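Bear in mind that the values here come from a model prediction, so they are computed numbers and not experimental data. The chains referred to below are lettered A, B, ... by the order of the sequence lines, with proteins before strands, and numbering in each begins at 1.
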Amino acid sequence: MSMKLSTRTVDGVTIVDCSGRITLGEGSVTLRDTVRDLLAKGNKKIILNLGDVNYIDSSGIGELVSAFTTTKNQGGELKLLHLTKKVHDLLQITKLYTVFDVKDDEAAAVKGFK
Amino acid sequence: MEQQVSYTLDSTLETVDHAEESATRIATELGFAEDEVMQISMAVREGAVNAVLHGNKYAPDKKVTLAFERTPEDLVITIRDQGPGIDLSGIPNPLAPENLLKTSGRGIFLMRSFMDAVEIRPSQSGTEVKLIKHVRGSSAGNKERS
């Protein structure tokens with residue numbers, strides 16, 4: 001299953017609902033393009049909802065890092081929401097879990113933006 | 001699975017997916033637990049990505065060889081490319097604070113995390129990566145006896 005993304009806005013925060021696989025190739029490119037597009041349009045409060053992401057490889061991890069740093073460098077903020085166990089474990093072993101702002105509750109995540 | 005199966009594959013993204021799917025199927029057939037199957041398939045995917053992307057650099061005239069071998073103790077997966085050979089001294093530690101926010105460089109680390117042993121042998125004619133997962137007690141061992 002390839003990656004599918006859809007975006008919605010809640011209280012000025014853009015939530016990107018991701019499903020499928022974030023892997024080398026199409027999945028990574030789709031995520032990169034979506035985040036860049038949001039930033040270009042001035043949407044700098046972003047939540048990536050990864051609740052339906054069932055697989056991610058090292059390229060996908062790299063893409064999450066890229067989305068995080070690109071957003072931060074442009075004065076924005078990016079949070080991760082609803083990690084599956086697989087993605088959670090991957091971020092733990094790569095020591096990225098504490099780098100990202102990870103949330104389990106969407107309303108709290110939206111409220112937490114500065 | 002036979003004792004050994006091998007594939008010669010093009011240097012494409014399809015090869016990466018094929019390698020992962022083959023690993024999932026073979027590890028499942030051998031009776032590995034679900035989390036081990038996931039680990040094996042991820043390690044193979046990372047090895048195939050390195051072979052296609054960093055080794056052969058998508059060159060149409062270069063091939064990736066993928067072999068699965070079942071020994072009494074292990075599942076051994078060998079991935080070979082025809083690139084210039086990886087420089088092992090040039091691989092940074094992805095867990096070092098200065099590397100945490102790098103967007104690449106985690107493939108070999110993930111392979112080592114998920115497998116019981118990883119052997120990397122670079123040469124001028126390519127890099128060979130051996131991924132080894134021990135067969136444990138009641139899982140794959142039972143399959144072998146059946």
Nearest 0.5 Å please: distance from the CG atom of B/D35 over to the NZ atom of A/K85. 7.5 Å
Which answer fits A/T69, side chain, backbone, both or neither, if we ask what part of it has an atom under 4.5 Å from a heavy atom of chain B? side chain
Side chain from CB out, backbone as N, CA, C, O: work out which of these in B/S41 comes under 4.5 Å of a heavy atom of chain A, or both, or neither. both
Flag yes if A/L64 and A/V16 sit in one hydrophobic cluster, no otherwise; membership is Ile, Leu, Val, Met, Phe, Trp, Tyr, and two members link when side-chain heavy atoms are under 4.5 Å apart. yes
Which distance, rounded to the nearest 0.5 Å, do you find between the OG1 of B/T103 and the CZ of A/R32? 8.5 Å
Membership question, hydrophobic clusters at under 4.5 Å side-chain separation (ILVMFWY): are B/L66 and B/V76 in the same one? no
Go through the steps for B/K102 and A/V65 under the test side-chain contact (heavy atoms from CB on, under 4.5 Å), then give the verdict. CA-CA 7 Å; B/K102 288 198 172 162; A/V65 171; over 6 Å; no
How far does CG of B/L101 sit from CG of A/L96, to the nearest 0.5 angstrom? 7.0 Å
Quick check: closest heavy atoms across A/I93 and B/F109, and the distance to 0.1 Å? O-CZ, 3.2 Å
Within 6.0 Å of CG in A/D11, more than 12 heavy atoms from elsewhere: no
Contact origin within A/L90 toward chain B - heavy atom pairs under 4.5 Å: side chain
With side-chain contact (heavy atoms from CB on, under 4.5 Å) as the test, would you mind laying out the steps for B/L110 and A/I61 before giving the verdict? CA-CA 11 Å; B/L110 290 179; A/I61 295 173; 4.2 Å; yes
Determine whether more than 12 heavy atoms belonging to other residues, nucleotides or ligands lie under 6.0 Å from atom CD of B/E98. yes
B/Y7 and B/I79: same hydrophobic cluster, using ILVMFWY side-chain contacts below 4.5 Å? yes
Does some side-chain heavy atom of A/T23 sit less than 4.5 Å from a side-chain heavy atom of B/E20? no
Between A/V35 and A/L81, is there shared hydrophobic-cluster membership here, with clusters defined by ILVMFWY side-chain heavy atoms closer than 4.5 Å? no
Do A/D89 and B/M38 have side chains that approach each other closer than 4.5 Å (heavy atoms only, starting at C-beta)? no
Count the heavy atoms belonging to other residues, nucleotides or ligands that lie under 6.0 Å from NZ of B/K57, then report whether that count exceeds 12. yes
Using 0.5 Å steps for rounding, measure from the CE atom of B/M42 to the OG atom of A/S58. 7.0 Å
Same cluster (ILVMFWY, side-chain, under 4.5 Å), A/V29 and A/F68: no
Distance col, row B/R106:CZ vs A/S59:OG, nearest 0.5 angstrom, shows 10.5 Å
